[in-house]
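Read the structure below first, then the notes.
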Amino acid sequence: MRSAPNIIVTGTPGVGKTTHCELLAQNTGLRHLSINAVVKERECHDGWDDEFRSWVVDEDKLLDSIEEEVQQGGCIIDWHACDLFPKSWIDLVVVVRCDSTVLYDRLAARGYSGKKLDENMDSEIMEVLLEEARESYDEEIVVELRSDNSDDVEGNVERIEAWIKQWKRDNSGADP
């Protein structure tokens, strides 16, 4: 039995996943598990994709690499996908969404262009990651949150912190 929940924070690149995760980790003491960093540092990839300027993830290596950590609990998993993580590992899935105009500006500022920019914009507009979360996990653990500005982020973090406190009360093993 875990003493702290595991949370996935997912969404299209640029919506604010990492900002949410860093604040949550700082405020709650949970571990921020940036999958991009894990893939790179633990070599859970099959090489580099020049067109998309990203690592080609070896999902089996990735899951093997983080399994022990996640089974202990207390992880905030930060990645643009969520469907590969086993349901038994996850207590909450937060899908961060952003207005498409705001997102376009954020991605352009990061240097995204061409196919990478188009695919990420299409993904957000078509709600691809929200649908993936809803198909992969029980409806009651999937939450969609907006992240258009810093006030949204602050409110989202407070809401997730309240959820974490309630989870810990509900799962403490103590009699009510």
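Given the structure is predicted, the values throughout are model-derived calculations rather than measurements. Values reported hereafter were calculated over all heavy atoms of this structure, with side chains retained and with hydrogens, waters and symmetry mates removed. Counting begins at 1 with the first residue of the sequence.
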Minimum-distance pair of heavy atoms, taken over all atoms of Tyr104 and Leu117: CE1-CD2, 3.4 Å
Sub-4.5 Å side-chain heavy-atom contact between Leu130 and Thr10: no
Student check: side-chain heavy atoms of Phe85 and Leu63 closer than 4.5 Å: yes
Atom of Asp152, atom of Arg146 and distance for their closest heavy-atom approach: CB-O, 3.4 Å
Check: Lys61 main-chain N/O paired with Asp58 side-chain donor or acceptor under 3.5 Å: yes
Student check: side-chain heavy atoms of Trp79 and Leu129 closer than 4.5 Å: no
Test item: Ile164 and Ile160 side chains (from C-beta on) under 4.5 Å apart, heavy atoms: yes
Side-chain (Asn6) to main-chain (Trp89) donor-acceptor, under 3.5 angstrom: yes
NZ-OG1 distance between Lys165 and Thr28, expressed to the nearest 0.5 angstrom: 10.0 Å
Sidechain-backbone polar pair: Asn149 side chain, Asp151 backbone, donor-acceptor under 3.5 Å: yes
N/O donor-acceptor pair under 3.5 Å between Asp91 side chain and Pro5 backbone: no
Side chains of Val9 and Lys17 in contact at under 4.5 Å (non-hydrogen atoms): yes
From CA spacing to verdict: side chain to side chain contact (heavy atoms under 4.5 Å, CB included), His20, Asn156: CA-CA 8 Å; His20 281 80; Asn156 293 343; 3.0 Å; yes
Note: Arg31-Glu22 ion pair, threshold 4.0 Å (strictly below): no
Heavy-atom closest contact (Ala25 atom, His32 atom, distance): CB-CB, 3.9 Å
Side-chain (Glu132) to main-chain (Asp83) donor-acceptor, under 3.5 angstrom: yes
Trace of the side chain to side chain contact (heavy atoms under 4.5 Å, CB included) decision for Asn171 with Arg2: CA-CA 8 Å; Asn171 293 278; Arg2 297 188 300 264; over 6 Å; no
Asp49 side-chain N/O to Ser54 backbone N/O, donor-acceptor pair under 3.5 Å: no
Hydrophobic cluster membership, Ile141 vs Leu145, 4.5 Å side-chain cutoff: no
Reported OG-to-CD1 distance for the pair Ser34 and Ile77, which is rounded to 0.5 angstrom: 11.0 Å
Spacing of CD belonging to Glu161 relative to CG belonging to Leu23, to within rounding of 0.5 Å: 8.5 Å
Side-chain heavy-atom pair Ile90, Ile7 within 4.5 angstrom cut-off: no
Shortest non-hydrogen contact between Val153 and Ser147, atoms and distance: CG2-OG, 3.6 Å
Val57 reachable from Leu84 in the ILVMFWY side-chain graph, under 4.5 Å edges: yes
Approximate separation, where rounding is to 0.5 Å, of Ser65 OG and Asp60 CG: 12.0 Å
Within one Ile-Leu-Val-Met-Phe-Trp-Tyr cluster: Val70 and Val39, side-chain cutoff 4.5 Å: yes
Beyond-backbone contact of Asp78 with Leu33, side-chain heavy atoms, under 4.5 angstrom: no
Shortest non-hydrogen contact from Asn120 toward Pro13: OD1-CD, 3.0 Å
Transitive ILVMFWY side-chain link Val128 to Val142, under 4.5 Å: no
Atom CD of Gln166: over 12 foreign heavy atoms under 6.0 Å: yes
Glu140, CD: over 12 other non-hydrogen atoms inside 6.0 angstrom: yes
Main-chain N/O of Val15 paired with Arg106 side-chain donor or acceptor, under 3.5 Å: yes
CH2 on Trp163 to NZ on Lys168, rounded to 0.5 Å: 10.5 Å
Member of Glu68, Glu67, Glu69 meeting the side chain to side chain donor-acceptor pair (under 3.5 Å) criterion with Gln71: Glu67
Check: Arg134 and Glu144 side chains under 4.5 Å, non-hydrogen atoms: yes
Linked, directly or transitively: Val95 and Ile125 (ILVMFWY side chains, under 4.5 Å): no
Over all atoms of both residues, closest heavy-atom pair of Cys82 and Tyr137: O-OH, 2.5 Å
Results of side-chain contact (heavy atoms from CB on, under 4.5 Å) for Glu154 - residues two or more places apart only: Glu158
Qualifying residues under side-chain contact (heavy atoms from CB on, under 4.5 Å), relative to Lys40, sequence neighbours excluded: Trp55
Arg159, CZ atom: more than 12 neighbouring heavy atoms under 6.0 Å: no
Gap between atom SG of Cys75 and atom CD1 of Ile66 - 0.5 Å precision: 7.5 Å
Salt-bridge contact Glu51-Lys115 (side-chain N to carboxylate O under 4.0 Å): yes
